[in-house]
Every structure is written in structure tokens, then in C-alpha cells.
Protein chains: 2
Amino acid sequence: MTSEDERLALDNQLCFALYAVNRAVTARYRPLLAELNLTYPQYLVMLVLWEADQEGRTVRVSDLGKRLRLDSGTLTPLLKRLAERGLVTRQRDTSDERVVTVAPTGQGNAMRSKAMEIPERLLCGTGIDQERIVALREELRSVLSLLEALGEPSGR
Amino acid sequence: MTSEDERLALDNQLCFALYAVNRAVTARYRPLLAELNLTYPQYLVMLVLWEADQEGRTVRVSDLGKRLRLDSGTLTPLLKRLAERGLVTRQRDTSDERVVTVAPTGQGNAMRSKAMEIPERLLCGTGIDQERIVALREELRSVLSLLEALGEPSGR
DNA sequence: TCCTATTATATTGTGCACAATTTGTTTTAC
DNA sequence: GTAAAACAAATTGTGCACAATATAATAGGA
């Protein structure tokens with residue numbers, strides 16, 4: 001294999017490593033989240049809502065979008081499903097009718113205590129040490145802010 | 001915020017960092033892949049097919065599945081779309097009718113030279129140095145093999 | 001041999017992601 | 001005050017992921 005070929009080898013692509021690990025990690029979450037009847041993106045939304053609720057902040061659909069990097073095309077149907085199950089409320093803001101405010105219900109907040117067990121149950125028995133996780137997480141966060149500072153990806 | 005709360009804070013989740021970076025990286029690929037009219041998963045499939053083609057190996061649907069960690073529910077329709085566009089062929093194996101062999105067509109292989117430019121165009125102007133990428137990639141690959149060695153994720 | 005288990009792919013259905021467009025509201029400029 | 005621009009969310013449509021099931025072929029065992 002020439003060095004030209006190496007460049008396109010699957011195992012040399014950072015993007016594939018990210019793609020594969022992301023899905024493998026999500027797969028570890030799946031059975032735990034199934035106990036709460038949540039999908040992984042629904043879980044992320046609940047994390048944001050719980051966090052804001054603790055701090056007395058209200059959350060708009062656009063806030064969820066900024067935080068999770070998702071648009072209304074993803075969030076609107078997802079929030080509808082959570083609302084149907086009585087986990088969140090969606091309310092048009094009376095002072096600005098364009099805005100929809102999302103908040104966890106009592107039932108939604110009750111779920112938080114069960115969710116609290118998830119992080120440790122995930123690691124439990126994996127033999128991955130905490131320091132390594134923190135280091136990887138911080139490196140990823142650093143890469144994320146770097147990527148987001150680049151602005152819109154272009155075809156150039 | 002108590003340490004209890006910290007545990008579920010979005011920014012403390014490795015899973016979210018992975019999720020966000022994965023999508024940010026894929027977004028950087030998108031305009032480049034759009035020039036080839038490929039989606040990101042289609043690009044990964046083509047990488048595997050090109051690699052095998054260079055080495056004279058044939059590739060079955062199940063081989064793609066093992067390599068990319070995808071099942072037939074994802075691959076079958078994806079491969080149909082690539083085949084419709086004349087980039088790959090899908091052929092039932094005559095000696096074992098259960099098997100479908102996938103191979104790049106001439107047109108599919110012609111695309112490879114354009115794809116070759118993608119890795120460097122991606123990095124170009126991002127100011128991310130190669131060493132850092134390699135280090136992150138290797139750490140991710142190591143985590144992946146660790147996760148995959150754990151076996152099926154369970155609800156325990 | 002026949003019968004069962006296994007294997008390989010395909011199909012069906014749900015829920016994201018994401019682009020593009022739409023609807024309705026508010027802001028701004030004039 | 002009105003028209004144009006900007007904004008927020010919803011809608012529509014495509015293409016993954018993934019679970020569950022179906023279909024069909026092969027392999028193995030009695």
C-alpha cells in the first residue's frame with residue numbers, strides 16, 4: 001500500500017474513529033435509557049432541561065438548539081413526543097408569540113433521580129479509568145470549540 | 001451546583017462531547033462530499049470498497065457491516081442507492097445464494113482520485129496539527145476496541 | 001435423508017439529523 | 001404607520017441507525 005492509499009484507509013480516518021466510538025458509546029447507553037423509555041437525544045434534551053430547572057432558568061426551543069447543536073426540524077417532533085408522554089410542557093410565550101418555552105413536568109423531574117445512576121452504571125465494569133475519560137472529554141471539547149470557531153464549513 | 005448535579009451536567013458528559021464533535025466533523029465533510037454527491041456513510045462504504053479493490057479482495061455486505069459496524073437494515077438501502085447511480089455493483093454469489101458481493105464500478109473507482117483530495121482539504125486552514133489528530137484518533141481507536149471487547153451492553 | 005439450526009440479506013417501522021421551505025411574529029427602517 | 005427585514009418555530013422530504021421480523025439458502029445432526 002502506497003502512502004497515497006494510506007490517506008484514504010478507513011482506519012486512518014479520525015472521522016471514522018469518532019463515528020464508530022460515538023455509536024459504540026450510545027449503544028452502551030441504550031439499555032439504561034430504555035429503562036426510562038428515552039432515546040439518546042431525548043436524554044440529552046432532558047439533561048439540559050434539568051440543568052436549567054435547577055438553576056431556575058427557562059429554556060426556549062432555540063436554547064436547546066444552541067446547546068445541543070440541533071435545529072427545530074429535529075427538536076420540534078422530539079419535544080412533541082416528550083410532551084405526549086407528559087415529561088415536558090411546550091408553551092408559546094405570551095410576550096413573544098414566536099417563542100416556545102419548554103420545561104420539565106413533575107414527572108419529567110422525577111425521572112432525574114433515576115438518570116443520576118446512569119453515569120456510574122455505564123462505567124461500572126468497563127475498566128476505563130476516570131482520568132482517561134476526563135482527558136478525552138476535554139480534548140474533544142477543545143476540538144469542538146476549535147471547529148465551531150472556524151465558521152461555516154465551505155466547499156473551498 | 002452540588003457534585004450530584006455536576007454528574008448530569010451536559011458539559012461533563014463524554015458522550016455529548018463525542019456526539020457534538022462527531023457531528024461537527026461530519027458537517028465539515030459535507031460540502032466536500034456534496035461535490036461527489038455522496039453522503040458521509042456512503043463515503044465510508046466507498047472507502048472500504050476502494051481499499052479492498054486495491055488489494056484484490058472481494059467484499060460482501062456482511063464484510064461492510066463488520067468493518068463499519070452497520071447492519072443490513074442500513075446497508076441494503078444505502079447500497080441500492082449507490083448501485084442506482086452506477087457507483088457499485090451488487091451481485092448474488094452463485095456458490096452461496098445468501099451472499100451479496102459488492103464492488104465499485106469503473107465510475108465508482110474513478111471517484112477515488114477526487115476523494116483523495118478530501119483529507120487535506122478538510123484540514124486546510126483549520127490550524128489543527130497532524131500530531132494532535134493522530135493522537136486523538138489512536139485514543140479513540142483504543143477506546144473502541146475496549147468497548148467492543150466488553151460484549152453486548154446490558155441493562156445491569 | 002429429512003429436520004433443525006444457523007447464516008445472509010432484505011423488509012418494516014420508528015426516531016433522529018439536516019436541508020429547504022413555510023407560517024406567523026416582531027423588529028427595523030423609512 | 002407601513003413595508004421590508006429578521007427571527008422563531010413548524011413542516012416537508014431524504015437518508016441514515018437500529019430493532020424486530022421475514023425470507024431464503026446452507027450446514028449439521030439424528
Side-chain angles (χ1 to χ4, degrees), chain A residues 15-16 19-31 33-34 37-46 58-66 68-85 90-102 152-153 155, chain B residues 15-16 19-31 33-34 37-46 58-66 68-85 90-102 152-153 155:
Chain A
C15 66
F16 177 64
Y19 169 82
V21 172
N22 180 47
R23 290 195 300 123
V25 169
T26 307
R28 305 290 309 174
Y29 272 92
R30 203 165 293 121
L33 294 178
N37 240 292
L38 290 179
T39 65
Y40 180 70
Q42 288 168 3
Y43 172 67
L44 295 180
V45 165
M46 294 308 295
T58 64
V59 177
R60 314 190 308 173
V61 172
S62 60
D63 294 327
L64 285 169
K66 279 189 207 88
L68 299 174
R69 283 78 172 172
L70 293 171
D71 66 13
S72 64
T74 301
L75 290 171
T76 298
L78 186 156
L79 293 169
K80 276 187 185 171
R81 283 186 282 271
L82 291 179
E84 271 168 25
R85 291 180 44 204
R90 297 160 68 231
Q91 239 181 330
R92 283 275 164 198
D93 190 325
T94 47
S95 73
D96 184 344
E97 291 276 356
R98 290 172 303 183
V99 170
V100 168
T101 299
V102 184
E152 285 309 286
Chain B
C15 67
F16 176 64
Y19 170 83
V21 173
N22 180 46
R23 289 195 299 124
V25 169
T26 307
R28 306 289 309 176
Y29 271 91
R30 203 166 294 122
L33 293 178
N37 239 290
L38 289 180
T39 65
Y40 180 70
Q42 288 168 3
Y43 172 68
L44 295 180
V45 165
M46 293 308 294
T58 64
V59 176
R60 312 188 310 173
V61 172
S62 61
D63 294 327
L64 285 170
K66 281 190 206 89
L68 300 175
R69 282 78 171 174
L70 293 171
D71 65 12
S72 65
T74 302
L75 289 171
T76 298
L78 187 157
L79 292 169
K80 276 185 185 173
R81 283 187 282 270
L82 291 179
E84 270 169 25
R85 290 180 42 203
R90 297 160 69 231
Q91 239 181 331
R92 283 276 164 195
D93 190 323
T94 49
S95 72
D96 184 344
E97 291 276 352
R98 291 171 303 181
V99 171
V100 169
T101 299
V102 184
E152 285 311 286

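Hydrogens, waters and symmetry mates are skipped; everything else that's a heavy atom, side chains included, is used. So you know, we letter chains A, B, ... as the sequences are listed, proteins then strands, and number each from 1.
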Worksheet item: Given that A:Thr94 and A:Arg81 both sit by DNA chain C, which one's nearest nucleotide is further toward the 5' end?
Response: A:Arg81

Discussion item. Within the structure provided, determine whether B:Met46 and B:Leu82 are in side-chain contact (heavy-atom separation under 4.5 Å).
Written reply: yes

Worksheet item: With nearest nucleotides of DNA chain D determined for A:Arg30 and B:Pro41 from heavy-atom distances, which residue corresponds to the more 5′ nucleotide?
Response: B:Pro41

Worksheet entry | Non-neighbouring partners of B:Arg81 that pass salt bridge (Lys or Arg N to Asp or Glu O under 4.0 Å), sequence neighbours left out | none

Worksheet item: For A:Asp96, what residues pass the salt bridge (Lys or Arg N to Asp or Glu O under 4.0 Å) criterion, not counting sequence neighbours?
Response: A:Arg98

Item to complete: Give the first and the last nucleotide of DNA chain D, reading 5' to 3', that has any atom under 4.0 Å from a heavy atom of chain A.
Response: D:dC7 to D:dA19

Fill in: Check against side chain to side chain contact (heavy atoms under 4.5 Å, CB included), B:Leu64 and B:Leu44
CA-CA 9 Å; B:Leu64 285 170; B:Leu44 295 180; over 6 Å; no

Fill in: Where protein sits on nucleotides 5-10 of chain C, one letter per nucleotide: B base, S sugar-phosphate only, - none, heavy atoms under 4.0 Å
--BSSB

Discussion item. Categorize B:Thr74 for me: base, sugar-phosphate, or nothing, with a 4.0 angstrom heavy-atom threshold over every strand shown.
Written reply: base

Discussion item. Taking side chain to side chain contact (heavy atoms under 4.5 Å, CB included) as the definition, give me every residue that meets it alongside A:Arg69, ordered by chain and number, with sequence neighbours left out.
Written reply: A:Leu144, A:Glu148, B:Phe16, B:Arg23

Discussion item. Return the CG to CG distance between A:Leu38 and A:Leu33, rounded to the nearest 0.5 Å.
Written reply: 6.0 Å

Pairs under 3.5 angstrom only: tabulate donor-acceptor contacts from the side chains of residues 71-80 of chain B to other protein residues two or more places apart or in another chain.
| from | atom 1 | to | atom 2 | distance (Å) |
| --- | --- | --- | --- | --- |
| B:Asp71 | OD1 | B:Gly73 | N | 3.1 |
| B:Asp71 | OD1 | B:Thr74 | N | 3.2 |
| B:Thr76 | OG1 | B:Ser72 | O | 3.0 |

Discussion item. Has A:Tyr40 got a side-chain atom pairing as donor or acceptor with B:Cys15's backbone, closer than 3.5 angstrom?
Written reply: yes

